[in-house]
Amino acid sequence: MLSEVDVFISNYTLVDPDIYQLWVDGHSSSEAVNILHQRGICHQTNASIELVASDILDHYRTYALLEKLLHTPTKLASEQLAFQIEPQTSQMLIEIYYEFDDIVIRELLGKKLTSKSRKDMDEVSEKTGITLKSCRRQYDNVKRVFKVVEDLPGSLAANIEQHFLLSEDLAKRYAAVVFIACLRFEMNKRKLQFLTFPDLYHCANSMMSLWTYRCVGSEYFDTDLDREFLLELAECKVLLENDKHHKQIFLQLGMH
């Protein structure tokens, strides 16, 4: 009996951004075939659905092999010899893999990064509509970044850029997540539920810029809040005890 075998030989590792995005988003290879078929891939390439399916499956196998390297981006970019990848392709692989959904990360903020939290990703997936595989990837990425940079001195964003080779914008987003996790802010309170990740990102960046020690050196940490400032801030508590009265005075002054 004759058997059919798919063989693929290549020099440089080929990466299709559309297929890679579907893989990162947690879609199975069969789901990816259906999605690309609906987008008209067969018509655009004049290829049969069977050929498209075979190509996507091959891409998925490659990405599965690359995933361990993506856990340590510096190895993927310079230290490994198994895959021949151009620098711009390597950067694209890392950036997309570490990208996250605001609604998923919002669900993680305020929770300890434990195995129990990871098990709760099925609830997060159901609530947000993001695939379970993608939710787990995002959780694992946050935990991985947190473990690497939490005890490093200096700027969180700069350390994340250096160790994970992320863009400045994405590194800053991760820095906000790490900052909130390090200081253990309680983000699950009912009064804070209306706040989105962009809201908390803005707050975290403001605190890192204005509430921490503004110095440089081996002893400087982005998570070290200025204690003198915090003591002064405590004096503002009296304003909250009669906030309606103070609001009324403020509005009256504004009218004048």
message = I'd like to know if the side chain of Ser78 and the backbone of Thr74 have a donor-acceptor N/O pair within less than 3.5 Å.
response = yes

query = In terms of the angle between their ring planes, are Phe100 and Phe197 parallel, tilted or perpendicular, with boundaries placed at 30° and 60°?
reply = perpendicular

query = Just wondering, do Ile35 and His27 contact through their side chains at under 4.5 Å, heavy atoms?
reply = yes

ask   = Going from SG on Cys135 to CG on Asp120, what distance comes out if it is rounded to the nearest 0.5 angstrom?
value = 11.5 Å

message = Could you walk me through whether Asp102 and Arg106 satisfy the side chain to side chain contact (heavy atoms under 4.5 Å, CB included) test, starting with their C-alpha distance in whole Å, then the side-chain angles of each, then the deciding distance to 0.1 Å, before giving a yes or no?
response = CA-CA 6 Å; Asp102 290 350; Arg106 179 62 183 92; over 6 Å; no

message = So, taking the atom named OG1 in Thr62 and the one named CG in Leu14, what distance separates them when rounded to the nearest 0.5 Å?
response = 8.5 Å

key: Side-chain donor/acceptor of Thr72 to backbone N/O of Lys75, under 3.5 Å   = no

request  = Please examine the side chains of Asp140 and Arg118, heavy atoms only from C-beta on, and report whether any two atoms are closer than 4.5 Å.
outcome  = yes

remark   = Heavy-atom nearest pair, Leu113 first then Lys143, reads O-CE, 3.4 Å

inquiry  = Measuring from atom CD1 of Ile105 to atom CG of Leu108, what distance do you get when rounded to the nearest 0.5 angstrom?
reply    = 5.0 Å

Pairwise side chain to side chain donor-acceptor pair (under 3.5 Å) hits with a residue in residues 15-24, at least two apart = Gln21-Asp25

key: Atom of Glu107, atom of Thr128 and distance for their closest heavy-atom approach   = CG-CG2, 4.3 Å

query = Does Lys172 pair with Glu168 as a salt bridge, N-O distance under 4.0 Å?
reply = yes

task = Indicate the atoms forming the closest heavy-atom contact of Ile56 with Ser29, along with that distance.
result = CG2-O, 3.9 Å

ask   = Do the side chains of Leu57 and Val33 join up, straight or via other hydrophobic residues, at under 4.5 Å, putting them in one cluster?
value = no

note = Here the pair of heavy atoms bringing Lys111 nearest to Ser117 is CB-OG, 4.2 Å

Side-chain touch Phe83/Ser90, heavy atoms, less than 4.5 angstrom = no

message = Tell me if the NE2 atom of His202 is crowded by more than 12 foreign heavy atoms within 6.0 Å.
response = no

query = Honestly curious: do Leu51 and Leu22 fall in one hydrophobic cluster under the side-chain, below-4.5 Å linking rule?
reply = no

request  = Rounded to the nearest 0.5 Å, what's the gap from CG on Leu76 to CG on Leu93? Could you check?
outcome  = 6.0 Å

Side chain to side chain, Leu65 and Arg61, heavy atoms closer than 4.5 Å = no

Distance in Å, Asn46 CG paired with Ile41 CD1, rounded so as to fall on 0.5 Å steps = 11.5 Å

task = Flag the pair Tyr63 / Val15 as yes when at least one side-chain heavy-atom distance between them is below 4.5 Å, and no otherwise.
result = yes

key: Intermediate values then yes/no, side chain to side chain contact (heavy atoms under 4.5 Å, CB included), Glu150 and Phe179   = CA-CA 8 Å; Glu150 64 171 323; Phe179 179 78; over 6 Å; no

inquiry  = When you measure from the side chain of Asp58 to the backbone of Ser54, do you find a donor-acceptor pair of N or O atoms at a distance under 3.5 Å?
reply    = no

request  = Over all heavy atoms of both residues, which pair between Met187 and Gln193 is shortest? Give the atoms and the distance, please.
outcome  = O-NE2, 3.6 Å

message = Can you tell me how far apart CG (Leu70) and NZ (Lys68) are? Round to the nearest 0.5 Å.
response = 12.5 Å

ask   = Does any non-hydrogen side-chain atom of Asn188 lie less than 4.5 Å from one of Leu109?
value = no

task = Might you point out which heavy atoms bring Ala32 and Tyr60 nearest each other, and give the distance in Å?
result = CB-OH, 3.5 Å

Tyr139 vs Val142 side-chain heavy atoms within contact, under 4.5 Å = no

ask   = Step by step, would you call Thr196 with Asp199 a side chain to side chain donor-acceptor pair (under 3.5 Å)?
value = CA-CA 5 Å; Thr196 64; Asp199 297 328; 3.0 Å; yes

query = Hey, mind stepping through Tyr174 and Tyr98 against side chain to side chain contact (heavy atoms under 4.5 Å, CB included) and telling me if it holds?
reply = CA-CA 9 Å; Tyr174 270 103; Tyr98 279 89; 3.7 Å; yes

Residue pair Leu36 / Ile19, side-chain heavy-atom distance below 4.5 Å = yes

task = Report the C-alpha separation of Thr89 and Thr13 in whole Å, then their side-chain angles, then the decisive distance to 0.1 Å, and conclude whether the side chain to side chain contact (heavy atoms under 4.5 Å, CB included) test is met.
result = CA-CA 9 Å; Thr89 301; Thr13 301; over 6 Å; no

inquiry  = Can you list everything that forms a side chain to side chain contact (heavy atoms under 4.5 Å, CB included) with Ser134? Sequence neighbours excluded, please.
reply    = Asp101, Ile130, Thr131, Arg137, Gln138

Donor-acceptor pairs under 3.5 angstrom involving side-chain atoms of residues 157-167: please list them, not counting sequence neighbours.
residue, atom, partner, partner atom, Å
Asn159, ND2, Pro153, O, 3.1
Asn159, ND2, Ser155, O, 3.2
His163, ND1, Asn159, O, 3.0
Ser167, OG, Glu95, OE2, 2.4
Ser167, OG, Leu170, N, 3.4

